[in-house]
There are 2 protein chains.
Amino acid sequence: MTTIADVANAAGVSISTVSYVMSGKRTISQDTKERVERAIAELRYSPHASARSLASRSTSVIGLQAPLRSGVDVHVVMEIVTGVVREAREHAYDILLLTGDDAGLTLAARASRVDALLVMDVESDDPRLGTLAQLDMPSVLIGLPAGAESVYCVDFDFEAAGRLAVERLVALGHSRIALFGAPAEVLARHTSYADRLVRGFLTACDAHGVDGTVHPVPSNAEATAVVDGVLAEAPGITGILFHNEGALPHVAARLVDGRDVIALCPADVAQSVAGLADSIDVPAEDIGVAATRAVLGLLGGEEQAHVQLLPPKLNSQA
Amino acid sequence: MTTIADVANAAGVSISTVSYVMSGKRTISQDTKERVERAIAELRYSPHASARSLASRSTSVIGLQAPLRSGVDVHVVMEIVTGVVREAREHAYDILLLTGDDAGLTLAARASRVDALLVMDVESDDPRLGTLAQLDMPSVLIGLPAGAESVYCVDFDFEAAGRLAVERLVALGHSRIALFGAPAEVLARHTSYADRLVRGFLTACDAHGVDGTVHPVPSNAEATAVVDGVLAEAPGITGILFHNEGALPHVAARLVDGRDVIALCPADVAQSVAGLADSIDVPAEDIGVAATRAVLGLLGGEEQAHVQLLPPKLNSQA
DNA sequence: CTGAAAGCGCTAACAC
DNA sequence: GTGTTAGCGCTTTCAG
């Protein structure tokens with residue numbers, strides 16, 4: 001292992017000089033600077049992470065609690081994580097994957113394994129909020145729990161997306177519309193995004209005086225039966241907002257069929273489905289990036305908005 | 001922050017005693033042991049990870065290089081990662097998420113951020129093999145590159161799965177069968193699993209004297225056109241091995257249609273599709289677990305098989 | 001502009 | 001069975 005002492009020797013300077021060359025925290029003559037940098041390169045030196053974090057009391061690691069239970073929107077989770085990792089690395093931070101439970105958070109925080117926490121898969125009334133409050137460590141939630149404001153949250157604005165879809169369907173002339181959404185168990189858990197989408201959808205239906213109903217959909221092949229059932233019972237439905245990535249490929253064909261269907265899902269998923277009226281992009285990777293920027297901001301001591309919601313945009317299908 | 005010194009004070013012992021109580025590396029009287037443990041609990045002490053790893057020269061962290069490029073089998077990737085994280089935590093190891101490139105590996109290793117590496121998404125002729133060899137750090141690949149034997153690899157036995165499927169289709173009486181597989185770009189990259197599946201399939205077809213062809217399939221809605229095309233040109237195909245999780249929901253209905261279809265995918269995906277003859281489970285989470293056990297074994301100085309392939313099993317659909 | 005040296009919190013000899 | 005202490009490799013005062 002090459003240490004800072006080896007570099008100092010090779011460059012003929014003291015170890016503090018090497019340290020300061022790397023951190024840029026004091027002015028160094030051009031000459032010594034070059035000698036040190038050459039030595040670093042030649043010896044392929046990279047500072048020992050633990051030694052550095054012991055001395056500097058910071059790890060350059062962010063803990064990420066991701067929902068690894070497969071089933072719910074794997075695609076979206078994956079893209080968010082991609083965004084997080086990319087943005088973190090860009091700022092020389094690493095990501096430590098934490099398990100879903102409370103203990104994972106607490107342990108990582110108390111052992112000073114991480115500088116900050118990023119928490120995904122937030123439910124409306126999430127039990128982890130209390131834990132986080134005790135922790136005295138910057139954290140950002142990806143999702144929007146009830147009664148936020150005391151924590152930092154980043155998410156897509158599902159409520160606005162619900163309204164946007166209704167407005168579009170109304171503009172297209174529909175007066176009987178439906179939201180086919182998350183599986184029943186997700187709604188039952190009051191997963192934050194599902195709750196908010198329903199709220200936006202129903203509020204807008206009310207405001208526009210149109211008849212709107214909400215239907216949970218299983219995210220696998222069973223979706224077909226459910227969708228068929230609903231459409232048979234309510235043949236008047238002519239406009240649809242569809243938010244269930246897993247079910248979409250199974251049922252896309254039977255939804256479209258004289259109806260206007262707006263899909264709410266990542267862009268690539270929407271593109272792979274034919275016959276959609278329009279789609280509203282869930283900018284999953286951007287969410288990850290935004291959340292990471294928020295934690296990095298907190299770490300840098302910047303003021304942050306407590307709630308940051310990415311606005312929906314409507315994509316017309318050509 | 002509570003340190004080991006605080007605990008020692010509270011318990012009225014020296015810091016080394018506290019350390020030894022935690023590690024169990026020397027015998028401690030029942031009495032002091034209890035006093036120390038009580039102090040640890042009361043103070044909610046957990047040792048500073050960096051301090052520990054600086055002194056002990058090991059981090060209890062495993063670096064995981066996962067393919068975050070969405071598109072290819074998100075589901076499978078997710079489950080493998082789940083298995084890795086679960087097994088690692090069970091042995092008090094954490095997982096650091098590394099970026100896909102070479103630099104990610106090198107950096108983590110040289111900065112002693114991790115004790116070992118786990119590398120996913122291995123291609124037949126993977127450029128990272130060289131990098132790994134230079135690194136002087138235990139590592140396990142999830143996948144099977146060409147000319148393994150000098151590295152450690154864990155994967156599902158796709159070649160055997162190909163053979164198994166052919167045997168089953170032959171037993172069902174088919175003499176004209178087809179493998180609908182990964183997208184063309186995956187095959188072009190010579191992603192290890194795709195290569196091996198094709199080999200097993202074609203070898204077995206030869207051995208059994210049946211007519212077998214291989215067809216790449218896009219993993220989105222475009223799959224329908226491709227599948228329709230193939231089946232129209234070769235109506236004699238009556239038995240199918242289908243290995244493309246993304247495409248399956250789009251095309252399941254038109255494949256089955258008097259034909260026997262064996263799907264090769266995670267169990268939950270297979271279950272959500274109706275009409276399959278049988279399925280062969282891709283035990284993704286088990287792969288993650290097995291790979292993690294292998295690295296942990298290496299870290300523990302145990303002998304390991306260089307190549308470990310999880311055998312396929314056929315599930316009959318009830 | 002540069003060095004010397006005091007820690008950071010822990011592990012593991014080396015004492016007894 | 002327990003305590004003392006020398007590092008682990010780095011950052012950051014304090015001195016010049």
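Note that the coordinates shown come from a computational prediction; the quantities given were computed from them, not determined experimentally. Below, chain A is the first sequence line, B the second, and so on; all start at residue 1.
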From [atom1] of [X] over to [atom2] of [N], roughly how many Å is that when rounded to an integer?
X	N	atom1	atom2	value
E34(A)	dT2(C)	CD	P	12 Å
Q30(A)	dT2(C)	CD	P	11 Å
D31(A)	dC1(C)	CG	P	12 Å
R26(B)	dA12(C)	CZ	P	12 Å
N9(B)	dT2(D)	CG	C1'	16 Å
R35(A)	dC1(C)	CZ	P	14 Å

(request) Using a 4.0 Å heavy-atom cut-off across all strands, classify S16(B) as base, sugar-phosphate, or nothing. (result) base

Distances under 3.5 Å between protein N/O atoms and the N/O atoms of nucleotides 6-9 of chain C, please, pair by pair.
from	atom 1	to	atom 2	distance (Å)
dC8(C)	O3'	R57(A)	NH2	2.7
dC8(C)	O2	A55(A)	N	3.4
dG9(C)	OP1	R57(A)	NH2	2.7
dG9(C)	N2	A51(B)	O	3.3

Indicate every side-chain donor-acceptor pair of residues 294-308 of chain A with a distance under 3.5 Å to a residue at least two apart or in another chain.
from	atom 1	to	atom 2	distance (Å)
H306(A)	ND1	E149(A)	O	3.1
H306(A)	ND1	V151(A)	O	2.8

OP1, OP2 of [N] versus side-chain N and O of [X]: anything below 4.0 Å?
X	N	result
S29(A)	dT2(C)	yes
S53(A)	dC10(D)	no
K25(A)	dT11(D)	no
S19(B)	dT11(C)	yes
T27(B)	dG1(D)	yes
S14(A)	dA4(C)	no

Side-chain ([X]) to main-chain ([Y]) donor-acceptor, under 3.5 angstrom:
X	Y	answer
R196(B)	F156(B)	yes
T292(A)	G288(A)	yes
D281(B)	A267(B)	yes

(request) Taking only Lys NZ, Arg NE, NH1 and NH2, and the carboxylate oxygens of Asp or Glu, determine whether D121(A) and R128(A) approach each other closer than 4.0 Å. (result) no

(request) Decide whether T82(B) and R86(B) meet the rule of one side-chain donor and one side-chain acceptor closer than 3.5 Å. (result) no

(message) Under 3.5 Å, is there any donor-acceptor pair linking the side chain of Y20(B) to the base of dA13(C)?
(response) yes

(message) Using a 6.0 Å cut-off, check whether atom CG of D31(B) has over 12 heavy atoms from anything other than its own residue.
(response) yes

